[in-house]
Engineer: 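Before anything else, here's the structure in question.
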Amino acid sequence: MKSQVVRVESFSASFGEHRILKNINLSIPKDKVTAIMGPSGCGKTTLIRCMNRMHELIPDAQVTGKMFLYDEDIYSMNPILVRRKVGMVFQRPNPFPTMSIYDNVIAGYKLNGIKLPKTEQDSIVEDALRKSALWDEVKDALHRKGTFLSGGQQQRLCIARTLAMKPEVLLLDEPTSALDPKATSHIEELIVELKKSVTIILVTHNIAQAARVSDFTAFLYLGELVEFGPSKKLFTVPEDKRTEEYLTGKFG
Amino acid sequence: MIQEKIFQNTLYISAFCVVALLIAIFCTLLHASFPAIKEFGMHFVYGKVWDPVSGEFGALPFLVGTLLTSFLALIISIPFSLAIAILLGEYLKKGVVATVLKSAVELLAGIPSIIYGFWGLFVLAPIVRNMEIQLGIIPYGVGILTASLILSIMIIPYSASIGREVIRLVPADLKEAALSLGATRFEMIKKVILPYARSGIFAGILLSLGRALGETMAVTMVIGNSNFLPKSLFSPANTMASVIANEFAEATETLYLASLVEIGLLLFVVTMIINIVGRYIIQKMSVET
Amino acid sequence: MKANNIFVRIIKDRVFKGAAVVFSVLSILPLLFILLYIVKNGIAVINWQFLTELPKPVGEIGGGIANALVGTGILILIACLFSIPLGVAAGIYLSEHRTGKLAYAVRLSAEVLHGIPSIVIGIIAYIWLVVPMGMFSALSGGIALGIMMLPVIVRTTEETLKLVPGTLKEAALALGVPYYKTILKVILPAGLSGVLTGILLSIARIAGETAPLLFTAFGSPFMDVNILKPVNSMPLLIFNYATSPYPEWHALAWGASFVLVVFVLTLNILAKVISRK
Ligand SMILES: Nc1ncnc2c1ncn2[C@@H]1O[C@H](COP(=O)(O)OP(=O)(O)OP(=O)(O)O)[C@@H](O)[C@H]1O
Ligand SMILES: [Mg+2]
């Protein structure tokens, strides 16, 4: 097994004329948490949406450069396969309101038209809910609609939904920004637990959060990758002036 | 301040007038159809004979004609309007094709119904007549089928625009979640959008039905105006609206006029209920999202 | 999770999209046919005489639609006079009173009025105006059309005025401008293009209406500007000529259809242009 899961090579992305990402080079290490930080609008969301080819769903969106998942070129793979291998959790919890909790977890299979025997489905659901630390809270309500859950529970349900597809990489886009501190610490514990089995890329605004859970950190500024390295180093002795200013809150 | 007071009162009275207008319309219809209601009671809706000469008025042929044409038109139009709604709401959000399609649909909605009727009479009816000759049935050309075809063309833009509105109400993050799990757009539409938008789509169909029920001129011109119960889809018939259009100006006896007004009253009540229910469902859906 | 499975699914997706495109194109084909047909048959009869002369009896060559043009103008004018002041005032009321029983009732009534079949409006105008006056008249037809315009104007006025920022109103009030002047001189002008758009769209909606005129304006072969007498209108003329047995009249009806379609589409485009501003 290689130790680099996602490799980004001279990658740029834009919306029409507006260039968002400028010549990014980056390698995401396997089974680690990599945090992506930077001021609002610097292109964090865009970067991870490029990794599972969600970026191209927006009209006018373009990319140049290369991205690899292991040795496969993401942009010559089928986007459907990419998205299944590179799962994504969104900023705001978005469980499917028309489906039960159970159906939400298994939704990836249903949506992909994959038919599985009932027992196998059951075990996938249980496994995913256990991994996302939600099992004990919902095991008696599996067939109720997921909308009655609290925000934090809904977000963990969305994580379970993504984990059920057994992705290689889990993209988390500010997964806690819509949650209260307690739910946030729950998700953070979960992230640390999950990295044993899946590579995690975490977009966050919260410097303390990045410091708490990530092994590596990338700092983006105005669409450029300013600095990338082990979090311990980046947070203590940043190489670039801009990183330091951001960490010390000088960007406002 | 006196102007202030006048201004406030003008607004208040105007608003009140809108409500009063509706109530007055209802009361007028009820009052003017009273002789027929008193004379025929419930028999009015299941009486099969409509004979102004002998003074017998049963509206069943028109109820059947209305329901047949409207439902047929609805069934014919659903695949088309759903296709437009999905294409514009999901696949083509921008670009030349989307603009052209959207403008064409708006244009279709803007053409007066008299013109649809005229075209139907001179272009569509002969086509249906040829078909009937091929099939070996009496070639009227005009009749239920022709009326349904014209109606379906007329309601497509209306139901397509409601459909698009409803599909747009489905939150974007749900669509993205489905796509990020590796679903194709088709699978996302089938398993996320349609279930979510189900009630709204139902409301759209209901509102389109309301439209079709009351459509008058185009139908009047191509339905053949026969006051007998239609025997087949090719028979000439009359709808509630078309019989009023045809006979109202010549109805002089009280009972005859009252019977026609009662048909108008029925149309009013049915479309009112349909509109209130349909709008309520869509409103509920947009509040939830 | 086999690769061929994905292939099948993508094919399905393509087929579905293809079907949606095909059905959409099919449903705008009638539009092309209708427009083509009207242009083809209509343009041939249109000339100066057609627009300025009165209809001629059967058998005589020529004749025009002047009286229908004037009649439609009169009917629209009456409809506007009835519906615009009332509708705009009610719309202002709604935008100023977002909640409350009357506002709720007005919204519901406008919704229901909008959905009433036009033929029923014709019956109403007949009972209210034609019967008491003892004859068909432009007035009754105009009022019938006005009732149809009303809900559109109420709704568009409300919606546009709601979009005017509340700070604008507060700014005016804070300057000591009285409430009614604030509304009339600040809020209404700020939403003017929207209100105008609504008016144009509602005129487009009624310009082609025939059903409510059948037994109100009734139609007439003469040029008459007396609003207490029957008048002709474009859609009535099309209806009467189209359902007549004479080919010469059919030709005139195509010409009139062409003029009517051009008029209605122009209004729609005008409305769009104004709402863009
Ligand atoms: N759909 C879109 N169309 C056009 N431009 C967009 C679109 N989405 C984002 N952008 C632009 O792309 C830039 C980067 O956006 P992105 O969402 O990647 O930033 P971000 O770093 O995730 O910010 P935040 O921390 O606020 O989430 C922004 O300048 C934004 O205006
Ligand atoms: Mg973001």
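All figures in this text were calculated on a predicted structure; none of them were measured in a lab. A note on names: the letters A, B, ... follow the listed sequences, proteins ahead of strands, and every chain is numbered from 1.
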Engineer: Is the shortest side-chain N to carboxylate O distance from A:R49 to B:E176 below 4.0 Å?
Structural biologist: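 Here A:R49 pairs with B:E176 in a salt bridge, since their nearest N and O are under 4.0 Å apart.
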Engineer: Using a cut-off of 6.0 Å, state whether more than 12 heavy atoms not belonging to B:Y12 lie near its atom OH.
Structural biologist: no
Engineer: Looking only at heavy atoms, which two atoms of A:P95 and B:L174 are closest? And how far apart?
Structural biologist: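 Smallest interatomic distance, heavy atoms only, reads O-CD2, 3.3 Å.
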Engineer: When heavy-atom pairs shorter than 4.5 Å are enumerated against chain A, which of B:G95, B:A183, B:A177, B:P195 gives the highest number?
Structural biologist: B:A177
Engineer: Please give me the minimum heavy-atom distance between B:L181 and A:R84, naming the atom from each residue.
Structural biologist: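 Taking every non-hydrogen atom into account, O-CG, 4.0 Å.
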Engineer: Is B:R185 close to chain A through its backbone or its side chain, or both, or neither, when contacts mean heavy atoms under 4.5 Å?
Structural biologist: side chain
Engineer: Just so I understand: if I count every heavy-atom pair under 4.5 Å between each of B:V192, B:T184, B:D173 and chain A, which residue has the most?
Structural biologist: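 Maximum pair count with chain A is reached by B:D173.
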Engineer: For A:K66, is the NZ atom crowded, meaning more than 12 foreign heavy atoms sit under 6.0 Å from it?
Structural biologist: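 Open.
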Engineer: Select one option (side chain, backbone, both, neither) describing which atoms of A:N78 are under 4.5 Å from chain B's heavy atoms.
Structural biologist: neither
Engineer: Under a 4.5 Å heavy-atom cut-off, does chain B meet the side chain of A:M88, its backbone, both or neither?
Structural biologist: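 For A:M88, the contact with chain B is made by backbone and side chain together.
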Engineer: Around A:E72, counting heavy atoms of other residues, nucleotides and ligands shown, do more than 12 lie under 6.0 Å from its CD?
Structural biologist: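 Not more than 12 within 6.0 Å, no.
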Engineer: Is atom CZ of A:F15 surrounded by more than 12 heavy atoms (other residues, nucleotides or ligands) closer than 6.0 Å?
Structural biologist: yes
Engineer: Check each atom of A:L57 against the heavy atoms of chain B and say whether the ones under 4.5 Å are side chain, backbone, both or neither.
Structural biologist: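 Backbone plus side chain of A:L57, per the 4.5 Å heavy-atom cut-off to chain B.
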Engineer: Select one option (side chain, backbone, both, neither) describing which atoms of A:F96 are under 4.5 Å from chain B's heavy atoms.
Structural biologist: both
Engineer: What part of A:N112 is in contact with chain B, defined as an atom under 4.5 angstrom from a non-hydrogen atom: side chain, backbone, both or neither?
Structural biologist: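 Both backbone and side chain.
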Engineer: Other residues, nucleotides and ligands only: do more than 12 of their heavy atoms fall within 6.0 Å of CZ on B:F202?
Structural biologist: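 No.
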Engineer: Does A:R92 have more than 12 heavy atoms from other residues, nucleotides or ligands lying within 6.0 Å of its CZ?
Structural biologist: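 Atom CZ in A:R92 is not crowded, with 12 or fewer foreign heavy atoms closer than 6.0 Å.
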Engineer: At their closest point, which heavy atom of B:K191 faces which heavy atom of A:L111, and how far apart are they?
Structural biologist: CB-CD2, 3.4 Å
Engineer: May I ask you to check whether over 12 heavy atoms, not counting those of B:Y91, lie within 6.0 Å of atom OH?
Structural biologist: yes
Engineer: Among A:G87, A:P97, A:P59, which has the most heavy-atom pairs under 4.5 Å with chain B?
Structural biologist: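 Top count of heavy-atom pairs under 4.5 Å with chain B: A:P97.
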Engineer: Under 6.0 Å from the NZ atom of A:K115, do we count more than 12 heavy atoms belonging to anything else shown?
Structural biologist: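 For A:K115, atom NZ is not crowded (no more than 12 foreign heavy atoms under 6.0 Å).
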Engineer: For the atom pair CE (A:M54) and OG (B:S180), what is the distance rounded to the nearest 0.5 Å?
Structural biologist: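 Nearest 0.5 Å value for the CE-OG distance: 5.0 Å.
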